[in-house]
Amino acid sequence: MNVRTRFAPSPTGLLHVGGARTALFCWLFARRRGGAFVLRIEDTDRERSTQASMDAILDGLRWLGLDADEGPFFQTDRLPLYREHVERLLHDGKAYRCYCSREELEAMRDAQRARGEKPRYDGRCRHRTGPSPAGVDPVVRFRNPTEGQVVFEDLVRGPAAFDNRELDDLVIARGDGMPTYNFGAVVDDLDMGITHVIRGDDHVMNTPRQLNLVAALGAPPPRYAHVPMILGPDGQRLSKRHGAVGVTRFRDDGYLPEALLNHLVRLGWSHGDREIFSREEMIELFDVADVNRAPASFDYDKLGWLNQHYVRQADPERLGALLAGQFERMGIDMSGGAAPSLLARVQRERARTLAEMAEKSRFAFEEYVEFDERAVKKHLRPAALEPLEATRARLHALADWEPAALHAAVAECAEALSLNLGKVAQPLRVALTGAAASPAIELTLQMVGRDAALSRIDRAIARVRERSGQS
RNA sequence: GUCCCCAUCGUCUAGUCUGGCCUAGGACACCACCCUUUCAAGGUGGCGACACGGGUUCGAAUCCCGUUGGGGACGCCA
């Protein structure tokens with residue numbers, strides 16, 4: 001039998017990291033087994049489903065490269081199918097109409113809670129006869145078995161058994177005929193031939209219900225695998241207050257998709273001591289049976305480390321293009337300045353994200369507004385005057401504005417003045433960038449460009465003079 | 001409240017199924033040192049955990065029970 005997995009998000013929000021990891025596991029599992037990965041949009045909640053959310057989810061999956069072999073399918077396009085099955089269940093006596101009002105149900109649950117019981121539908125419409133109440137759109141409830149238990153083998157959690165007594169008659173169709181989650185999912189999983197349902201473990205309790213439905217529909221059940229949830233750094237359910245949770249937000253913040261994927265795959269899964277996994281390696285090595293049962297916390301630090309790893313080995317052209325996007329977001333005009341790919345090559349060793357790379361490269365396009373005072377205090381001292389003037393002269397006369405020549409020029413100045421390279425390079429660095437940290441001095445010069453470099457050195461010289469004048 | 005699940009360094013994890021090779025390994029973060037024109041990167045070292053209590057056993061991180069802690073589920077949401 002060919003493996004078929006599915007990812008079935010509801011378009012009611014962003015594609016958050018938890019959903020992305022579930023999708024990744026489904027995708028990996030299907031790819032590994034040469035099966036199919038199906039994308040299904042569960043949009044039966046008209047109140048909360050939005051087009052914007054759907055676009056965001058599709059966009060996120062595309063960015064991560066989690067391509068579907070089939071779909072996206074929309075449940076709202078499949079309404080007749082669910083209706084047909086509801087009718088059959090009704091006809092077979094496996095489901096019944098319930099006329100209870102929401103208020104009535106709420107009162108019932110309150111009473112149960114007050115008695116210390118688990119709130120469940122008590123089946124009051126199960127055997128009702130006589131005329132239907134007027135003016136009420138009944139829901140349809142599944143006649144769940146009242147005895148025995150549902151047993152199944154969870155691919156990650158092992159054997160599981162639930163007493164039917166713990167379950168109740170769940171509604172499968174709302175008053176307006178829309179299928180509910182548990183029903184739509186079951187019908188579709190069967191209809192689409194899904195062999196492995198891999199989902200978050202917040203769905204474990206749905207599994208026995210769905211298995212009962214599958215049996216009532218007379219079909220063989222798929223296998224189930226419930227993966228643990230992803231928690232925030234504080235061990236609480238991951239939410240916006242922890243920072244970025246929507247995957248596209250990571251893209252905007254300058255993370256590479258392969259870094260996010262790598263971090264996600266390691267949350268709840270591992271392969272020995274290995275930390276770095278390419279997409280191909282994940283496919284080759286991943287097995288849902290190796291997934292842990294305990295929830296894991298999302299670690300922004302580790303993501304940052306992974307991102308730097310991937311940034312460092314990424315193609316400069318690609319990084320350059322991404323970097324250009326960052327500058328655009330920052331409102332910085334790159335025209336006439338250093339090439340993005342050069343910046344990428346220079347900065348990728350010293351930044352964890354593209355946003356950071358862009359911020360650190362700002363000086364290549366914009367004159368710094370003010371000197372960093374600590375840098376001035378340390379490096380733009382009177383003693384810096386001579387080296388600054390000497391380098392300016394030599395740089396001014398330089399024919400070739402290339403790293404090798406630039407480095408030689410700076411080194412020769414230091415030698416001529418019998419100074420350490422640092423005594424020359426640091427004042428120069430502050431002159432060029434306004435701060436004490438930047439890429440290697442020849443690269444910094446190259447990034448800034450001849451004209452800007454010379455004028456900034458003049459600015460620094462003026463500053464040193466002003467300072468010595470004061471003291 | 002009821003039901004389900006989980007439990008190794010701060011975090012992600014190896015080891016748990018098939019007890020001894022574990023004076024518990026790796027990674028992130030953190031600290032120190034080295035390298036160095038700055039920042040990084042890199043190198044070396046350090047800090048740091050079997051939640052607790054009972055059993056079983058010659059022997060337990062590994063098996064059993066309890067406690068505690070955490071997560072999840074109890075909708076005409078998915």
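The sequence lines fix the lettering, A, B, ..., with proteins before strands; numbering per chain opens at 1.
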Residue pair Asn182(A) / Gln210(A), side-chain heavy-atom distance below 4.5 Å
yes
Rounding to an integer number of Å, can you tell me how far Asp168(A) CG sits from rC76(B) C1'?
13 Å
Taking the side chain as C-beta and beyond, is there a heavy-atom pair between Val265(A) and Leu24(A) under 4.5 Å?
yes
Can you measure Arg429(A) atom CZ to rU36(B) atom C1' for me and round it to whole angstrom units?
11 Å
Under 3.5 Å, which protein N or O atoms sit close to an N or O of nucleotides 4-7 of chain B? Give each pair with its distance.
from	atom 1	to	atom 2	distance (Å)
rC5(B)	O4'	Arg157(A)	NH2	3.3

Can you check the Phe298(A) CZ to rG71(B) C1' distance for me, whole Å?
19 Å
P atom, rU44(B) versus rU56(B): distance in rounded Å?
47 Å
Rounded to whole angstroms, how far apart are CD on Glu359(A) and P on rA40(B)?
16 Å
Per atom distances to the His203(A) side chain, the nearest of rC76(B), rA78(B), rU37(B) is rA78(B)
Taking atom P of rC39(B) as reference, at what distance in whole Å does atom CD of Gln308(A) sit?
15 Å
Distance check, C1' atoms only: rA14(B) and rG55(B), in whole angstrom units.
28 Å
All N/O contacts under 3.5 Å from nucleotides 25-35 of chain B to the protein, with atom names and distances to one decimal?
from	atom 1	to	atom 2	distance (Å)
rG25(B)	N2	Asp273(A)	OD1	3.2
rG26(B)	N2	Glu275(A)	OE2	3.0
rA27(B)	O4'	Glu275(A)	OE2	3.3
rA27(B)	N3	Lys302(A)	NZ	3.1
rC28(B)	OP1	Trp305(A)	NE1	3.3
rC28(B)	O2'	Lys302(A)	N	3.3
rA29(B)	OP1	Arg352(A)	NH1	3.2
rA29(B)	OP1	Arg352(A)	NH2	3.4

In whole Å, I'd like the distance from the CG atom of Leu167(A) to the P atom of rU2(B).
19 Å
When both distances are under 3.5 Å in a Watson-Crick or G-U wobble arrangement, the nucleotide paired with rA14(B) is none
The Watson-Crick or G-U wobble partner of rC39(B), with both key distances under 3.5 Å, is none
Can you confirm whether more than 12 heavy atoms, excluding those of Glu386(A), are under 6.0 Å from its CD atom?
no
Re rA49(B): Watson-Crick or G-U wobble partner, both distances kept under 3.5 Å, found to be none
Remember a base hit wins even if backbone is also touched, and classify Pro439(A) as base, sugar-phosphate or nothing at under 4.0 Å, heavy atoms.
base
When all nucleic acid strands are considered with a 4.0 Å heavy-atom cut-off, which category describes Asn206(A): base, sugar-phosphate, or nothing?
base
Does Tyr368(A) reach the main-chain N or O of Leu432(A) with its side chain, forming a donor-acceptor pair under 3.5 Å?
no
Validation row: Val17(A), Phe250(A) side chains within 4.5 angstrom (heavy atoms):
yes
Between Met229(A) and Gly116(A), the residue closer to the 5' end of RNA chain B by nearest nucleotide is Gly116(A)
For residues 225-235 of chain A, which side-chain N or O atoms pair as donor and acceptor with protein atoms under 3.5 Å away, sequence neighbours left out?
from	atom 1	to	atom 2	distance (Å)
His226(A)	ND1	Asp154(A)	OD2	2.6
His226(A)	NE2	Arg199(A)	NH1	3.3
His226(A)	NE2	Thr207(A)	OG1	3.0
Asp234(A)	OD1	Gln236(A)	N	3.1
Asp234(A)	OD1	His242(A)	NE2	2.7
Asp234(A)	OD2	Arg241(A)	NH1	3.3
Asp234(A)	OD2	His242(A)	NE2	3.1

With a 4.0 Å cutoff (strictly under), does any side-chain N or O of Ser297(A) reach OP1 or OP2 of rU11(B)?
no
Please name the nucleotide paired to rU68(B) by Watson-Crick or G-U wobble geometry with both distances under 3.5 Å, or report none.
rA7(B)
Compare all side-chain heavy atoms of Arg48(A) with those of Ser53(A) and state whether any distance is below 4.5 angstrom.
no
Give a yes or no on this: more than 12 heavy atoms of other residues, nucleotides or ligands lie within 6.0 Å of atom CD of Glu370(A).
no
Determine the Euclidean distance between corresponding C1' atoms of rG59(B) and rU23(B); express it in Å to zero decimal places.
16 Å
With no angle test and no hydrogens, is the base of rU2(B) tied to the side chain of Arg120(A) by a donor-acceptor pair under 3.5 Å?
no
Would you call Asp188(A) and Arg6(A) a salt bridge, using N to O less than 4.0 angstrom?
no
What's Gly235(A) touching, base or sugar-phosphate or nothing? Going by heavy atoms closer than 4.0 Å.
sugar-phosphate
Name every donor-acceptor pair, under 3.5 Å, that has one atom in a side chain of residues 284-295 of chain A and the other anywhere in the protein, sequence neighbours excluded.
from	atom 1	to	atom 2	distance (Å)
Asp287(A)	OD1	Ala289(A)	N	2.9
Arg293(A)	NH1	Val156(A)	O	3.0

List the steps, then state whether side-chain contact (heavy atoms from CB on, under 4.5 Å) holds for Met357(A) with Val311(A).
CA-CA 10 Å; Met357(A) 282 174 69; Val311(A) 159; 3.9 Å; yes
Base, sugar-phosphate, or nothing for Thr444(A), non-hydrogen atoms under 4.0 angstrom?
nothing
Is Arg312(A) close enough to rG42(B) that one of its side-chain N or O atoms is under 4.0 Å from OP1 or OP2 there?
yes
On RNA chain B, check which nucleotide each of Arg48(A) and Ala296(A) is closest to and give me the residue with the more 5' one.
Ala296(A)
With a 3.5 angstrom cut-off on both distances, give the Watson-Crick or G-U wobble partner of rA73(B), or none if there isn't one.
rU2(B)
For atom C1', what is the distance between rC63(B) and rA41(B), given to the nearest Å?
47 Å
On the nucleotide rA78(B), are OP1 or OP2 found under 4.0 Å from the side-chain N or O atoms that Thr180(A) carries?
no
Would you mind reading off the distance between Asp169(A) atom CG and rG75(B) atom P, rounded to a whole angstrom?
13 Å
Check the phosphate of rC74(B) against Arg109(A), side-chain N and O only, distance under 4.0 Å to OP1 or OP2. Yes or no?
no
Residues that Gln149(A) engages under side chain to side chain contact (heavy atoms under 4.5 Å, CB included), provided they are two or more places apart
Val151(A), Ala161(A), Asp163(A)
Give every pair of a protein N or O atom and an N or O atom of nucleotides 47-53 of chain B that lie under 3.5 Å apart, one pair per line with the distance.
none

Side chains of Asn206(A) and Tyr181(A), donor plus acceptor under 3.5 Å
no
Do the side-chain N and O atoms of Thr433(A) and Ser438(A) include a donor-acceptor pair separated by under 3.5 angstrom?
no
Rounded to whole angstrom units, what separation is found between the OH atom of Tyr224(A) and the P atom of rA73(B)?
18 Å
